[in-house]
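The chains referred to below are lettered A, B, ... by the order of the sequence lines, with proteins before strands, and numbering in each begins at 1. A quick note: this is a predicted structure, and the numbers were derived from the prediction, not measured.
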2 protein chains.
Amino acid sequence: MLERKVKTVRALERGLDVLVEVQARRAVSLHELHQALKLPKATLLRMLLTLGRKGLIWQRLADGAYLPHLGPAARGTGSAVEHIAEIASPYMKALSTKVAWPSVLGVPRLDHMEILETNSPLFRLDSAILGPVGVKLSYIHTATGRAYLAACDEQEREAIIARLRPKDAAPGSEEDLRAILKETRERGYALREPLHPWPDRSKQLVLRDGRRSMAVAIMANGAPIATINLTWPAKRGTDEAVMHRHLEALQQTAQAIGLAVAAQSVSAPIAGNAA
Amino acid sequence: MLERKVKTVRALERGLDVLVEVQARRAVSLHELHQALKLPKATLLRMLLTLGRKGLIWQRLADGAYLPHLGPAARGTGSAVEHIAEIASPYMKALSTKVAWPSVLGVPRLDHMEILETNSPLFRLDSAILGPVGVKLSYIHTATGRAYLAACDEQEREAIIARLRPKDAAPGSEEDLRAILKETRERGYALREPLHPWPDRSKQLVLRDGRRSMAVAIMANGAPIATINLTWPAKRGTDEAVMHRHLEALQQTAQAIGLAVAAQSVSAPIAGNAA
DNA sequence: GTGCGCGTTGCATAAGGTGAAACACGCGGA
DNA sequence: TCCGCGTGTTTCACCTTATGCAACGCGCAC
């Protein structure tokens, strides 16, 4: 194997270098690869296309970064939860062709929702720029956060609310929050309205960004694992129309992603070892 | 990603096909790949060399089969124990250049030791053919088995002995076995002598194959994980010389493999997810 | 001995990988 | 608003280099 007389295949060799590099850094831009491997971008582009076609890497819509595909390998490391962005990405791309406004995929963290993916670069509009991957969204003041809180089970919801509750919470304010979440649950989708008094690092931002947003949870095996939203610029009187026109597509997309994630989460076989 | 204007890199594409195929089947010969992928063997050979050089696959000495390299992926699936053969293979190759006789790498199973790798194909001698991968070796009647039993901790040893004990075990025979193991432990290496009365599927085979064998355990982090032996044809009067000449090399190889395995078994980081 | 199967090597051919150069596009600054 | 830079994308002509036929070696079975 080591000392063969035959020559190696250069094209394969360099392509594998690219694959290894993408896997080493967890996300990488074309330019970074260009610098790291000293290969022309044109060449890299064709290699990346090839690797993508074979399912070894995928490209994030949010920023065009190339990410390694997590094979059946990384199962057990939190089931398929790590793949959500990869699985959701094509659905979000499809959604962008059906709906006029951009979406964001968010997953729950301790005290905020985190953006994993967005299709906003697919829209030309300046008003469509949604925060890059990694942006933290408020549980309280965003449709995305409320969609998750409304959908998760009571125990988790209580834990999150407890984390967010300010020391000087106004009397009755927590009941207001619960009422908002109850209404969200019954309605089937979340909005950033009505306003809630608890402070939050992003509260002011949300209040005055001149946008409106609706969100639904992505359910897999009965539990919410992420949320997907739709954001559009607030123009007087258009909100009801936008919501009415696109709600169904949003819900269908969320359901499709949930099913795809659930289908992936077949546990990998464990190789038994004797004792 | 999906609908690019650029062409894909064919050489890379086909090389990845080979990689995927090797990963799908866990072990595959050149000929099988040739049939499955319809590629000329010459081409496959160069691709396999390239994949090997990049550390994505490796070739087993025992039968020349190509096996996928188990990346940091499969950790948690029984730590590094699955890689032992891969790690040991180059050491066994090196050993074959220093010593005139072939070796076998064995790992413990419930009631036998199993051959994972052997360097015997590297020897020309007809007398050097050692069973292919998967062959089961007796715990009682082989040096390989005794080396493991002598090295493992008391609890495991008792469990194995209990499994092997015949219903009609002769009085005192179990004490004999323990004495053999005790002597093995103190001596530092195992032999297939002296004979022990307990029956075993391979007892007769071992008795009359006209060979002699010595074995030592491979220790990683204080516990035996495998054994490596040396087998040579029995010729009157040569045994002491062979053992004396090669014992040190065998022990050094075992130690080197053990250290390499221990170095690999750094646990992969677990991605934390919030609740 | 001999025939067959499989792995390996050599080599002529042209397929196709390559990278310079030009193009497209968005973003930030003036 | 316009310009310029940085990044991603496409094109294309050159010639490296991937390719697979053909021949060889070797061990194994009959």
Side-chain angles (χ1 to χ4, degrees), chain A residues 1-18 22 27-53 57 59-66 102 118 120-132, chain B residues 1-19 22 27-53 57 59-66 102 120-132:
Chain A
M1 181 61 109
L2 308 98
E3 68 308 333
R4 277 265 181 55
K5 306 300 166 58
V6 295
K7 288 194 287 192
T8 61
V9 180
R10 200 181 69 122
L12 176 55
E13 205 166 9
R14 310 201 320 174
L16 293 173
D17 285 338
V18 174
V22 171
V28 62
S29 70
L30 182 67
H31 188 63
E32 285 176 297
L33 286 173
H34 170 59
Q35 297 184 138
L37 299 174
K38 308 281 176 59
L39 292 177
K41 292 183 182 180
T43 301
L44 285 171
L45 227 36
R46 268 171 301 122
M47 288 170 171
L48 289 167
L49 173 65
T50 307
L51 291 169
R53 284 260 237 266
I57 64 171
Q59 188 171 21
R60 188 159 55 191
L61 295 173
D63 50 11
Y66 296 93
T118 171
S120 82
L122 300 178
F123 295 85
R124 301 308 198 78
L125 314 153
D126 294 355
S127 59
I129 48 169
L130 301 182
Chain B
M1 181 61 108
L2 309 98
E3 69 308 331
R4 277 263 183 56
K5 304 301 166 57
V6 295
K7 288 193 287 191
T8 61
V9 180
R10 201 180 69 123
L12 176 55
E13 204 165 9
R14 310 200 317 173
L16 293 174
D17 285 337
V18 174
L19 175 59
V22 172
V28 62
S29 70
L30 180 65
H31 187 63
E32 286 176 298
L33 286 173
H34 170 59
Q35 296 185 137
L37 299 175
K38 307 281 175 60
L39 292 178
K41 293 182 182 179
T43 302
L44 285 171
L45 226 38
R46 268 171 300 125
M47 289 171 169
L48 289 167
L49 174 66
T50 307
L51 291 169
R53 284 258 237 266
I57 64 172
Q59 189 172 19
R60 188 158 56 191
L61 295 173
D63 51 10
Y66 296 94
S120 82
L122 299 179
F123 295 84
R124 300 307 196 80
L125 314 153
D126 295 354
S127 58
I129 48 170
L130 300 183

- Task: Would you give the length of the straight line joining atom CG of A/Leu12 to atom CG of B/Leu49, rounded to the nearest 0.5 angstrom?
- Result: 10.0 Å
- Task: When you get a sec, tell me which of C/dG17, C/dG7, D/dA18 is the closest nucleotide to the side chain of A/Val9?
- Result: D/dA18
- Note on the structure: Here the gap from A/Leu44 atom CG to A/Glu32 atom CD, rounded to the nearest 0.5 Å, amounts to 12.0 Å
- Using a 4.5 Å cut-off on heavy atoms from C-beta on, say whether the side chain of B/Val18 contacts that of B/Ile57. no
- Message: Measure CG/B/Leu39 against C1'/D/dA18 and give the value in whole Å, please.
- Response: 12 Å
- Let me know, please, whether B/Pro40 or A/Arg46 comes out on the 5' side of the other along DNA chain D by nearest nucleotide. A/Arg46
- Message: Is the shortest side-chain heavy-atom distance between B/Leu48 and B/Leu33 below 4.5 Å?
- Response: yes
- Message: Nearest whole Å is fine: how far is D/dT7 P from A/Tyr66 OH?
- Response: 15 Å
- Item | Flag, side chain of A/Ser120 to backbone of A/Pro102, donor-acceptor distance under 3.5 Å | no
- Message: In this structure, how many angstroms lie between the P atom of C/dA14 and the CZ atom of B/Arg10, rounded?
- Response: 15 Å
- Which whole-number value in Å describes the distance from A/His34 NE2 to C/dA21 P? 14 Å
- Query: When you check the phosphate oxygens OP1 and OP2 of D/dG20, does a side-chain N or O of B/Arg14 lie under 4.0 Å from one of them?
  - Reply: yes
- Starting from C1' on D/dG6, measure out to CG on A/Leu33 and report it in whole angstrom. 17 Å
- Query: Among the nucleotides D/dT7, C/dT18, C/dC6, which one has an atom lying closest to any side-chain atom of A/Lys41?
  - Reply: D/dT7
- Reckon A/Thr43 has a side-chain N or O less than 4.0 Å from the OP1 or OP2 of C/dT18? no
- Whole-Å distance between D/dC24 P and B/Leu45 CG? 19 Å
- Message: What contact category does B/Thr50 fall into here, base, sugar-phosphate, or nothing, at under 4.0 angstrom with non-hydrogen atoms?
- Response: nothing
- Whole-Å distance separating the CG atom of B/Leu37 from the P atom of D/dT19: 13 Å
- Query: With respect to the side chain of A/Ala42, which nucleotide from C/dA20, C/dC6, C/dG17 is positioned closest?
  - Reply: C/dA20
- Gap between atoms CD and C1', on B/Gln59 and C/dC6 respectively (whole Å): 13 Å
- Tell me which of A/Ala11 and A/Ser29 sits closer to the 5' end of DNA chain D, going by the nucleotide each one is nearest to. A/Ser29
